Amino acid sequence: MRTVAVVGASLAGLSAARSLRKQGYDGRLVVIGGELHRPYDRPPLSKEFLAGTVDEAELALEVDGEDLQAEWLLGVRATGLDRTERAVRLADGREVRVDGLVIATGAAARTLPGSEGLSGVHVVRTLDDARALRAELAQGGRLVVIGGGFIGAEVASTAQVLGLDVTVVEAAPTALAGPLGERMGAIVSALHADHGVRLLCGVGVKGLSGERRVDAVLLEDGRGIPADIVVVGVGARPCVEWLAGSGVELDNGVKCGADGRTCLAGVVAVGDCANWYDPHAGAYRRVEHWTGARERPDAAVATLLAGGATEPGVPRPPYFWSDQYGVKIQFAGHAAGADSVTVEEGAPDDRNVLAVYRRAGQPVAVLGMNQPRLFTRWRKQLGRTTS
């Protein structure tokens with residue numbers, strides 16, 4: 001291959017570029033990113049960066065002196081892929097002809113319909129998002145977080161420490177039930193009440209009120225929650241619109257094999273936009289976690305450089321962590337499909353617990369709250385049972 005392009009310049013894209021060089025690719029390498037920023041770490045955006053304990057320089061993912069001998073095209077988005085010409089079309093009219101392509105365009109935060117043009121309403125996905133929100137949180141006031149998932153919970157935790165009056169609104173009956181199941185989701189989300197943050201579950205958001213700036217969140221049950229700042233944390237959508245008509249199969253992202261290969265030769269996908277096949281589960285899964293973006297590009301690049309001749313392995317069980325109200329939360333595996341969950345160590349009421357999810361007696365997931373050592377042991381075991 002004479003030219004390989006990586007479309008996406010966040011963690012997954014940078015990991016792919018590093019893996020290309022590590023695995024011996026010495027040709028032309030082009031990295032295309034829609035943001036002007038060099039690759040940066042996203043997990044601190046909703047925690048330490050918002051709190052002001054981490055600055056922008058500390059978010060950098062590239063190490064001092066690192067040089068991948070790559071052409072960086074930043075601040076320009078990919079708008080199309082011409083499979084006949086094997087060219088990536090860019091928003092500024094340029095085209096990059098490629099022999100190999102890594103799709104790593106990630107995902108974008110979902111917004112609340114009707115919130116366009118209303119100041120005080122934020123999402124947290126990019127550095128620019130976090131900059132804007134941090135400036136507003138510094139002013140204090142009443143914050144309403146729409147969505148009780150991990151991003152929303154982290155923002156709520158950070159804002160509570162900063163002294164804001166915080167309310168979290170979650171449409172589902174139990175926050176975090178999706179990733180953790182109802183029982184453990186209720187235990188983890190109880191951290192809000194433990195720290196004086198209001199959690200309203202089982203009620204949807206009808207809309208926002210305010211002329212130029214938001215002043216309240218309107219709930220479907222008729223209530224209105226006064227708000228000076230609103231953060232919308234209702235998930236993310238894969239950034240794959242630019243691939244429409246390209247021949248790349250799209251299904252909740254880019255549909256891939258267990259090694260990231262797509263239906264087009266010489267094209268692989270990694271990161272939040274990639275819907276990888278999980279041979280253990282017999283299903284496709286799109287994993288929006290840091291570890292997947294860091295680890296899976298190695299397999300995808302190996303497949304790309306070998307022309308698809310490699311034997312796909314079994315991806316490691318997904319792993320993510322979250323820091324909320326001083327509690328370290330770690331999770332690995334898939335809670336969906338588990339027929340039991342047992343507390344192996346600690347006490348749920350103390351928010352100090354190790355829980356194991358099982359299906360037909362076999363561990364399929366593990367959750368730790370302030371149990372890093374025991375969690376690591378169970379995570380390793382989980383990797384062995386799912387490989």
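Not measured: the values here are computed from a predicted model. Positions are given from 1, in the same order as the sequence printed here. Values reported hereafter were calculated over all heavy atoms of this structure, with side chains retained and with hydrogens, waters and symmetry mates removed.
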I want to check something: taking the side chain as every heavy atom from C-beta on, are V232 and S115 in contact at a cut-off of under 4.5 Å? no
With a 3.5 Å cut-off and no angle check, do the side chains of R97 and T3 form a donor-acceptor pair? no
Within the structure provided, determine whether L59 and H37 are in side-chain contact (heavy-atom separation under 4.5 Å). no
For E182, look at atom CD and say whether over 12 heavy atoms of other residues, nucleotides or ligands are found less than 6.0 Å away. no
Got M1 and L304 here, is their nearest side-chain heavy-atom distance under 4.5 Å? yes
Which heavy atom in L118 sits nearest to a heavy atom in S209, and how many Å separate them? CD2-O, 4.4 Å
Is the number of heavy atoms from other residues, nucleotides or ligands under 6.0 Å of R294 CZ greater than 12? no
Quick one, V270 and W276 - any side-chain contact, counting heavy atoms below 4.5 Å? yes
May I ask whether V145 and V327 are part of the same hydrophobic cluster, defined by side-chain heavy atoms of I, L, V, M, F, W, Y residues being less than 4.5 angstrom apart, directly or through others? yes
Is there side-chain contact between L73 and D92, with heavy atoms separated by less than 4.5 Å? no
If you measure from the Lys or Arg side-chain nitrogens to the Asp or Glu carboxylate oxygens, is any gap between E154 and R42 under 4.0 Å? no
Nearest heavy-atom neighbours spanning V353 and M184: CG1-CE, 4.4 Å
Going by an N to O cut-off under 4.0 Å, is there a salt bridge joining E66 and R38? no
side-chain hydrogen bond (donor to acceptor under 3.5 Å, both in side chains) contacts in which one or both residues fall within residues 366-376, not counting sequence neighbours: N352-Q371
Q23 and S19 side chains, donor-acceptor separation under 3.5 Å: yes
Does the side-chain contact (heavy atoms from CB on, under 4.5 Å) test come out yes or no for I229 and L164, once each step is laid out? CA-CA 10 Å; I229 309 167; L164 280 81; 4.1 Å; yes
Shortest non-hydrogen pair, T262 vs C256, comes out as CG2-SG, 4.5 Å
Can you hop from V203 to L112 via hydrophobic side chains spaced under 4.5 Å? yes
Single-linkage hydrophobic cluster L29~V88, side-chain heavy atoms < 4.5 angstrom: no
Minimum heavy-atom separation for G260 and A300, please, with both atom names. CA-CB, 4.4 Å
Are any of the side-chain heavy atoms of Q381 and V366 separated by less than 4.5 Å? no
Could you check whether any side-chain heavy atom of V364 comes within less than 4.5 Å of a side-chain heavy atom of H334, counting everything from C-beta outward? no
4.5 Å side-chain heavy-atom contact, S246 and R83: no
Output, in order, the C-alpha distance, side-chain angles, deciding distance and verdict of side-chain contact (heavy atoms from CB on, under 4.5 Å) for Y325 and H192. CA-CA 8 Å; Y325 306 102; H192 292 303; 2.7 Å; yes
For the student: nearest non-hydrogen atoms of R110 and V234, plus distance: CD-O, 3.6 Å
Who are the side-chain hydrogen bond (donor to acceptor under 3.5 Å, both in side chains) partners of D228, not counting sequence neighbours? R142
Is the backbone of G333 close enough, under 3.5 Å, to the side chain of Y357 for a donor and an acceptor to pair up by distance? no
E241 with R237: basic N within carboxylate O range, under 4.0 Å: yes
To the nearest 0.5 Å, what is the distance between CD on E71 and CZ on R28? 4.0 Å
In sequence, state the C-alpha distance, the side-chain angles, and the governing distance for D129 and L133, and then conclude on side-chain contact (heavy atoms from CB on, under 4.5 Å). CA-CA 6 Å; D129 292 337; L133 178 57; over 6 Å; no
Over all heavy atoms of both residues, which pair between P179 and F331 is shortest? Give the atoms and the distance, please. O-CZ, 3.7 Å
Determine whether V197 and V168 satisfy the following criterion, side-chain contact (heavy atoms from CB on, under 4.5 Å), listing intermediate values before the conclusion. CA-CA 7 Å; V197 170; V168 178; 4.0 Å; yes
